[in-house]
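Since the structure comes first, as structure tokens, the remarks are kept for the end.
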Amino acid sequence: MTFKIATWNINSVRLRRGLVEKLIAQESPDVICLQEIKCRDAEFPGGAFRMLGYEQQAVSGQKGYHGVAILSRIPLENVNKREFCGIGDARHISVSLRANGKMPIDLHNFYIPAGGDIPDREQNQKFGHKLDFLDELALWIEKDRLAHERAILVGDLNIAPFEHDVWSHKALLKIVSHTPIEVEKLNRALGSGPWHDAMRHFVPESEKLYTWWSYRSPDWAAADKGRRLDHVWVSKKLAPQLRGMKVLRDARGWEQPSDHVPVIVEMEI
DNA sequence: ATGGTGGTCCTACCA
């Protein structure tokens with residue numbers, strides 16, 4: 001079967017439930033991974049999505065900040081929430097997708113810390129937290145061999161690793177999300193192991209590719225000062241099965257938009 | 001170099 005997965009930092013799922021419904025109407029993904037739901041589990045509008053066929057749901061919420069969720073039309077098993085850096089932030093949830101009797105696919109949904117403004121862990125604890133999170137992620141991936149078979153990793157990773165993942169490589173080298181130390185740590189976690197970048201699989205490294213445009217730019221489309229903060233990675237075993245990818249840039253212009261847009265990947269599973 | 005906007009929840013904090 002051709003399987004379609006979407007990932008989207010929704011920046012409050014209660015405020016933008018209608019935009020998720022619009023995504024569903026337009027794209028009808030089999031699985032939707034959301035980040036920054038910004039609500040507790042009990043406040044998640046699961047009923048509305050259930051009515052649209054997403055009867056399988058896994059939610060890790062908290063009050064006011066962060067929070068991740070997975071909506072699925074495919075049966076989910078083994079819901080797991082990992083706590084990073086020993087603080088209670090809801091920044092990860094994983095499930096196994098059980099599709100048409102084949103071996104399940106492990107799916108990890110992440111919201112990696114943004115890291116604040118100053119790219120120095122001595123001056124900015126939030127940047128230190130981001131680096132520690134990435135180190136812990138790299139260790140976990142290696143130790144538990146997260147991509148050993150059929151696996152997908154998505155989310156707002158808050159890092160734009162390639163030169164053309166940002167509007168100006170030179171201007172952003174000291175801007176959190178594109179600093180060399182963050183890129184190096186992301187590469188250590190994902191770039192050199194059993195993972196495969198499913199977005200750059202379809203778009204060459206020499207081409208600009210963004211998923212986020214700041215709210216602070218009223219002319220976001222004209223200025224087009226974007227960054228690719230949202231990612232889809234698949235295990236190398238799944239890489240030959242990739243069939244398509246798109247970034248729904250239009251969603252940045254929807255009414256009362258998120259500052260991130262959905263990324264959609266299709267593959268045979 | 002600076003400030004620009006938007007979310008949560010009600011006072012700043014976070015992005």
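Excluded from the calculations below are hydrogen atoms, water molecules and symmetry mates; all remaining heavy atoms, backbone and side chain alike, are included.
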(request) Can you figure out which of dT8(B), dA15(B), dT5(B) approaches the side chain of Lys38(A) most closely? (result) dT8(B)
Taking atom [atom1] in both [N] and [M], compute the distance separating them and give it to the nearest angstrom.
| N | M | atom1 | result |
| --- | --- | --- | --- |
| dT8(B) | dT2(B) | C1' | 26 Å |
| dG3(B) | dC9(B) | P | 28 Å |
| dA12(B) | dA1(B) | C1' | 25 Å |

Atom [atom1] of [X] to atom [atom2] of [N]: distance rounded to whole Å?
| X | N | atom1 | atom2 | value |
| --- | --- | --- | --- | --- |
| Asp117(A) | dG3(B) | CG | C1' | 12 Å |
| Leu19(A) | dG7(B) | CG | P | 11 Å |
| Leu34(A) | dG7(B) | CG | C1' | 16 Å |
| Asp89(A) | dC13(B) | CG | C1' | 13 Å |
| Tyr215(A) | dT5(B) | OH | P | 13 Å |
| Glu36(A) | dG6(B) | CD | P | 15 Å |
| Ile37(A) | dC9(B) | CD1 | C1' | 17 Å |

Any side-chain N or O of [X] below 4.0 angstrom from OP1/OP2 of [N]?
| X | N | result |
| --- | --- | --- |
| Arg16(A) | dG7(B) | yes |
| Ser12(A) | dT8(B) | yes |
| Arg252(A) | dT5(B) | no |
| Arg14(A) | dC9(B) | yes |
| Gln62(A) | dT8(B) | no |
| Lys63(A) | dT8(B) | no |

(request) Compute both the distance and the angle, then confirm whether Lys208(A) meets the cation-pi test with Trp167(A): under 6.0 Å from the six-membered ring centre, within 45 degrees of the axis. (result) no
(request) Dump the intermediate steps for side chain to side chain donor-acceptor pair (under 3.5 Å) on Glu266(A) and Thr2(A), then the final yes or no. (result) CA-CA 7 Å; Glu266(A) 289 187 85; Thr2(A) 305; 5.7 Å; no
(message) Pairing check on dA12(B): which nucleotide meets the Watson-Crick or G-U wobble criteria with it, both distances under 3.5 Å?
(response) dT8(B)
(message) Strictly by Watson-Crick or wobble contacts shorter than 3.5 Å, is anything paired with dG3(B), and which nucleotide is it?
(response) none
(message) Does the plane of the ring in Phe110(A) sit parallel, tilted or perpendicular to the ring in His108(A)? Use 30° and 60° as the thresholds.
(response) parallel
(message) Within the structure provided, determine whether Asp132(A) and Leu134(A) are in side-chain contact (heavy-atom separation under 4.5 Å).
(response) no
(request) With the side chain counted from C-beta on, respond yes when Leu238(A) and His196(A) share a heavy-atom pair under 4.5 Å apart, and no when they do not. (result) no
(request) Return the 5'-most residue of the pair Asn11(A), Asn158(A) with respect to DNA chain B, ranking by each residue's nearest nucleotide. (result) Asn11(A)
(request) Return the 5'-most residue of the pair Gln256(A), Gly115(A) with respect to DNA chain B, ranking by each residue's nearest nucleotide. (result) Gln256(A)
